[in-house]
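A short worksheet on the structure shown next.
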Number of protein chains: 2
Amino acid sequence: MSVTIEDIAKEAQVSVATVSRVINNSKAVSPELKKRVNDVIQKRNFKPNSLARGLITNQTNIIGIIVPDISNPVFGALTRGINSFCQQKGYTLMVCESGGQQEKEVELLGVLADKKVDGVLFAGVDVNSALVGEMKRQGYPIVLVTQEASEGEDIIHTVTHDNVKAVYDAVSFLIENGHQKIAFIGGPENDYSSGQKRLKGYRLALKEHNIEVPVSYIEHGNFSFDSGYDCMRKIYEENSALPTAVMACNDVMAIGAIRFLKTAKVSVPADISIMGFDDLEFGKYFSPELTTVRISYFDEGLKAIKTLFKLIHHNQQAIPKTQFVPHKIIRRISVRKI
Amino acid sequence: MSVTIEDIAKEAQVSVATVSRVINNSKAVSPELKKRVNDVIQKRNFKPNSLARGLITNQTNIIGIIVPDISNPVFGALTRGINSFCQQKGYTLMVCESGGQQEKEVELLGVLADKKVDGVLFAGVDVNSALVGEMKRQGYPIVLVTQEASEGEDIIHTVTHDNVKAVYDAVSFLIENGHQKIAFIGGPENDYSSGQKRLKGYRLALKEHNIEVPVSYIEHGNFSFDSGYDCMRKIYEENSALPTAVMACNDVMAIGAIRFLKTAKVSVPADISIMGFDDLEFGKYFSPELTTVRISYFDEGLKAIKTLFKLIHHNQQAIPKTQFVPHKIIRRISVRKI
DNA sequence: TTGTAGGCGTTATCAG
DNA sequence: CTGATAACGCCTACAA
């Protein structure tokens, strides 16, 4: 058994209440008693039991986070951003993985409630009404990161990046560089933020420049290398008029696409330019180095946790329902001017 | 306030003890009462407060893990392996990042004690006597993952891969493929497991084949792309007799090395073969695809958490102090036979 | 098989 | 400023 507040009180010859006060700095305690208590605490290496404490204060200093897959660099960076803030605030992070499965997500929402976390950060794929309902009935504040709710975007606080605008900017960049025949390798169609929204940004940019494109220019992958490869292959095979540029909706698919082109003896960027998305670290290790749109997932995590803290501490100032972290086009080699 | 065991008891017209019994299946309860209680629990969506429970049972079903950086794919995979097991056992994971700083590591060890975790998994860099001492004085079981303690390897249970043997095998593989002039790009010299041990494996293999190598063939990086690049540059510049192969101690440095060689117009693998270490996912996306030694960090995490569970539950069977996860040479393109 | 009551380690509310 | 003492929500002897 570890040492309790009572042991300290006894040894310092004061009441437990006094000990509690010096621990929490909650009320004035005479300097001499304070010193006496602190000395004993020091000596006995006393640490208050956070369970007992949580039981009564109703807060645990634990933040929960639900991500599809922690080994995915995107969520790794996100988590690191979150953690950096938590650590400095004396909070600790409970990480849960959903595998992207909705029922698992629901379950985890409950698990975190069990653990009495003070709040949770949720990074899912499709935040639909079922999920939103589940979130509402938990007792804790929650903020979405990385994607907005498909079921009405003003229901839950969310921190993400502007997917429409980001892809719009990326495609505009391609257009500015002389490209007109621009193909698109997107995410799953049921992925609200990273799928549908990015497609929307693509369409918007084309429309604005009165560019029309055959349907065979648009393919949907699942963000994996292989799917990028396959999508590129389809585009290649189904179009006699090849595109001069491809907007791939993440770096991994972009690299898969480049790989296919390499096997097809199509040179990047000489023949076809490729634009990625995310700006993962290894994008610049490749050759050709990947031109891409950078999303700082670290910053996104940071902003999300800050928002969650405001919610937790009932910060008065109005908190916008959805906040964006800026994106940025990173010019490297895989896109060229024509 | 959420619903308590007392509310349930009242509504089901039984005592709290009975409710507790059906929750925990701890003692026989007549079927009818059981049903009545369960119905109410269901209806009221009751979840026992894990703080209160932990306070008395002295266990939280929380496992702590300390890693240098969660956004590093190696620790991401490790964590995923750990989490996969925890989830199925109803445990939850608390992730802490140390940034590789020793004082932070010590602090985190304490934080996790505060949180009353049932055990912790520790992935550090240099587990020296100070750290070991700190570990011993915490109340929880602990197992090292990824590297052994530099301060005596039989002090703390550890699950890792055999760094000496792995590099020994990799270098032997190079030798079998006709290479004799083999350079080495290693980790930091103060890194016990991933630095010193891998170097040892390299030396062992060379010695066994009576191969001597100039000191200028050996460089120490820090596992980053840039350091791989720099080390390769030094080797290139300081040796008129270039090596025909280089053993890089992780994939990222291997890729950095390849990048340098590309700028120096040295072809891989035609002129120089490169061997990596880790087998990160993106190693096979590169060209040339990386030949490397695969360590399954997922499996390593899994084995570590299983070991920790044995410790936690005082499993009788003897648990070996240090366990290895197998490694495997993955033949791809970056190494060729000469 | 069921219920009563004490206690886990803190904090918070009162008096003093 | 300090000290009893009642919660917090649950588990577990002990009794019935």
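Convention: sequence-line order gives letters A, B, ...; per-chain numbering from 1.
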Requested in this report: Respond yes when some side-chain nitrogen or oxygen of A:Ser15 is under 4.0 Å from OP1 or OP2 of D:dA4, and no when none is.
Outcome: no
Query raised in the report: At under 4.0 Å, does any side-chain N or O of A:Thr57 touch on OP1 or OP2 of D:dC8?
Result: no
Query raised in the report: Do the side-chain N or O atoms of B:Asn58 get closer than 4.0 angstrom to the phosphate oxygens (OP1, OP2) of C:dC8?
Result: no
Requested in this report: Report yes if at least one side-chain N or O of A:Thr18 is closer than 4.0 Å to OP1 or OP2 of D:dG3; otherwise report no.
Outcome: yes
Query - Heavy-atom side-chain proximity of A:Phe324 to A:Thr160 below 4.5 angstrom - result: yes
Report summary line: Here the distance between atom C1' of D:dA7 and atom CZ of A:Arg53, to the nearest Å, is 17 Å
Requested in this report: Working to the nearest 0.5 Å, report the span between CG of A:Leu55 and CD1 of B:Ile56.
Outcome: 11.0 Å
Query raised in the report: Roughly how many Å is it from CD in B:Glu6 to P in D:dC10, rounded to a whole number?
Result: 9 Å
Requested in this report: Consider the side chain of A:Phe46, meaning its heavy atoms from C-beta on, and name the nucleotide among C:dT2, D:dC10, C:dT10 that approaches it most closely.
Outcome: C:dT10
Report summary line: Walking DNA chain C from its 5' end, the first of B:Pro31 and A:Val16 to be reached, judged by nearest nucleotide, is B:Pro31
**Report entry** Under-4.0 Å side-chain N/O to phosphate OP1/OP2 contact, B:Thr4 with D:dG9
**Finding:** no
Query raised in the report: From the list D:dT12, D:dC10, D:dC8, which nucleotide is the closest neighbour of the side chain of B:Ile5?
Result: D:dC10
Query - Atom-pair distance (CD1 on A:Ile41; C1' on C:dG9), nearest Å - result: 14 Å
Query raised in the report: What integer distance in Å separates B:Lys10:NZ from D:dC10:P?
Result: 13 Å
Query - Minimum side-chain heavy-atom gap B:Met94-A:Ile62 below 4.5 Å - result: yes
Report summary line: In whole angstroms, the gap separating P of C:dA12 from CG of A:Asn24 amounts to 7 Å
Report summary line: Between NZ of B:Lys116 and C1' of C:dT10 the distance, given in whole Å, is 12 Å
**Report entry** Nearest-angstrom distance from the residue atom CD of B:Gln13 to P of C:dG3
**Finding:** 10 Å
Query - Minimum-distance nucleotide (side-chain atoms of A:Ile56 versus D:dC11, D:dT5, D:dA7) - result: D:dA7
**Report entry** Length of the line joining B:Asn49:CG and C:dG9:P, which is rounded to integer Å
**Finding:** 16 Å
Requested in this report: For B:Leu33, report the nucleic acid contact type (base, sugar-phosphate, nothing); a contact means any heavy atom under 4.0 Å.
Outcome: sugar-phosphate
Report summary line: Comparing B:Ala17 with B:Leu55, nearest DNA chain D nucleotide closer to 5' gives the residue B:Leu55
Requested in this report: Flag the pair A:Lys115 / A:Thr60 as yes when at least one side-chain heavy-atom distance between them is below 4.5 Å, and no otherwise.
Outcome: no
Query raised in the report: In terms of the nearest nucleotide of DNA chain C, which residue is placed more toward the 5' end: A:Arg21 or B:Ala52?
Result: B:Ala52
Query raised in the report: About how many Å separate CG of A:Asn61 and CG of A:Leu93, when rounded to the nearest 0.5 Å?
Result: 12.5 Å
